[in-house]
Amino acid sequence: MTVDWSARLHVVTGKGGTGKTSVAASLALALARDGNRTLLVEVEGRQGIAQLFGLDPLPYEERRIATAPGGGEVRALAVDAEAALLEYLDMFYKLGAAGRALRKVGAIDFATTIAPGLRDVLLTGKAKEATTRSVNGRRAYHAVVVDAPPTGRIGRFLNVTAETARLAKMGPIKTQSDGVAALLRSPITSVHVVTLLEEMPVQETLDAIMELEQLGIPVGNVIVNNARPPLLAGGRPTQAELRRGLAAAGLPTDRATVAGLHAEAKGYLARRELEDSLRAELAELDRPLIELPQLPGGITRHGLDVLADTLLR
Amino acid sequence: MSADLDVDAILADPGSRIIVCCGAGGVGKTTTAAAVALRAAERHGRRTVVLTIDPAKRLAQSLGLSELDNTPRQVKGIDTEATGGELHAMMLDMKRTFDDVVLAHTDPQRAQEIFANPFYAAMSSTFSGTQEYMAMEKLGQLRARDEWDLIVVDTPPSRSALDFLDAPARLARFLDGKMLRLLLAPAKAGGKSVFSLVTASFGVFSRVVQKVLGAQLLTDLSGFVAALDSMFGGFRQRAEQTYRILQDKETAFLLVAAPEPDAIREAAYFAQRLREDRMPLAGLVLNRMHASSAPGLSAADSLAAAEALAESGESPATVDALRIHAALTEQAEREQRVAARFTTSFPTVPTVVVMAQPADVHDVDGLRSIGEALA
């Protein structure tokens, strides 16, 4: 299957620790090439984007955090449910000072606490608003990329109608969540799952994709992060062979070094075998599979560009 | 480098009754908790129970946990003959634990009203702190039963490692909060519903609430609030009790971290927080560390040699072996640097290193070897 980035709202999920924030960021950079503008959205208040780009904590405000080749730019937004609710109320009810009063008595904290579904509607609602916003008859953003909650919570996060329908059977919240639900089930949206070639992340990837399919939410690409280059295609070398090779390279050939390298090669191949079987499980999903290389220098801006290149390839 | 953490000393001490494994998500807390509990039973002959939150399927199966039934079951097929210990395991059922709390604090009819309310359904299954709160509630229950020598708890995969310390208090505060009081006021004053408020005290506010949330939602909410009213005191009291258990010297916190920047940062926050709250941090488990098997050969030398060798066309297998060695050496060095961010900030916190296992652990043998590594 071929990799497809034609959606306008990209939701990036994955088990915690798989690097979904850096994948989301590199996707936003990739889609900003050719002079486009993209928005990278964070919804969990972790300030992961700021940390990734080495910036001060992001406010609830869209601001440029990076430029891309061809005059493109990436803006970032850390959505805060409370601020989103106030903005929303203001838009529809012209609240002004009353809104601030609501915040003061703790009403907003209260509302988003007692009805966590409400919180998710506000967060996804903001992503919808940015995705569909137009400025002077043109789309404000070529694409919106959401650094979403992890696989364990993604179904609930995106299944906004069900969560709010339990609580609000009519009224503006219901209308709002219906609108968000429709967008999330349309081809405008695509949910991408980031995984590592490790057991738990792969299992959670399979589970999350099944859940999203059942919810009717479009699943896009599966992204294997931190993939290691395939080495030792010829199988495990003998110690004698390593000794000859080390001698030819002018390196020490003492027993400890030879045995050490031999053990490391063995460990690598064992790991590799496990990775291959996990890769095969992912292939059975019959979804586009992208492998992002391990970045030797850690995650830097250059590293993100390397990942962006790979995503577009 | 910090002192070595002696997990065996903790497990052998009859004075230690509770071990809490905490840390960021995905660092191996559940596996560590299970390994510690198994070792306590097998090596130290203790009657142990391990409370897991969301174990991987195969790990759960290896402990004989096929269903989430919220009661401890004895784990069979472990080797306790020499010591006479026992291992029991359970998985937390958040909803059922919440139901039990409600039943314990109110009469059956009230309880049924609460269970039927849509807000209760939403809150008991999705409130962001419920899992954390219920884990602590369950810990309190297990401790109160006094059936076990040692209780080992895994903590929920929270967004932040601190959530499980804060959630109980947050939930209690919430249930006891100003907003609920406001909404409840008319019910208490004999009013039939919250709508008397609309015309009365806080006009703009309730109009907006009603407009945005809808009337039906408010009716449900005021019903929920009224039904929960009888439990306010209970909730807060229980949260406070659990907090005290956590501060007791019979408790030991094991902070688990993988050598990744996020996990280490969380671990540092957590250690700081435990110190502030006067909770006993026993030490840090640095999980999933890597080490080179040929420490005499540097990453730079082996990469340079690999390049030269590749050019000469000799021994491609050695070229690859050198590349593998260079990558592993770099990884091990990076992990050391990341881990040092914690150990330099908290030089007095004892530390134990557990090397990365070749495959995920999902049987008793695997848990046993983690236990060996911890000791």
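Below, each value reflects all heavy atoms present in this structure, side chains not excepted, and no hydrogens, waters or symmetry copies. The shown structure was predicted, so the numbers you read here are calculated from the model rather than taken from an experiment. Below, chain A is the first sequence line, B the second, and so on; all start at residue 1.
- The two residues A:Leu261 and B:His325 come nearest to each other via the heavy atoms CD2-CB, 3.3 Å.
- Remark: A:Thr253 engages A:Arg243, A:Leu246, A:Ala247 in a side chain to side chain contact (heavy atoms under 4.5 Å, CB included) (not counting sequence neighbours).
- Looking at A:Glu204, there are no atoms closer than 4.5 Å to chain B (heavy atoms on both sides), in backbone or side chain.
- Between chain A and the options B:Val27, B:Thr318, B:Leu297, the largest number of non-hydrogen pairs under 4.5 Å is found for B:Thr318.
- Closest heavy-atom contact between A:Glu264 and B:Ala294: OE2-N, 3.4 Å.
- The contact between A:Gln203 and chain B is made entirely by side chain atoms (from C-beta outward), counting heavy-atom distances below 4.5 Å.
- Across A:Ala248 and B:Leu309, no two heavy atoms sit closer than the pair CB-CD1, 3.9 Å.
- Looking only at heavy-atom pairs under 4.5 Å with chain B, the residue among A:Thr257, A:Val258, A:Leu251 that has the most is A:Leu251.
- Using a 4.5 Å cut-off between non-hydrogen atoms, the part of residues 269-279 of chain A that approaches chain B consists of A:Arg271, A:Leu274.
- Neither the backbone nor the side chain of B:Ser312 has a heavy atom closer than 4.5 Å to any heavy atom of chain A.
- Taking all atoms of both residues into account, the shortest heavy-atom contact from A:Leu242 to B:Ala321 is CD2-CB, 3.6 Å.
- To the nearest 0.5 Å, atoms OH (A:Tyr268) and CG (B:Leu328) are separated by 12.0 Å.
- From A:Arg244, atom CZ reaches atom CD of B:Glu314 across 10.0 Å, with rounding to the nearest 0.5 Å.
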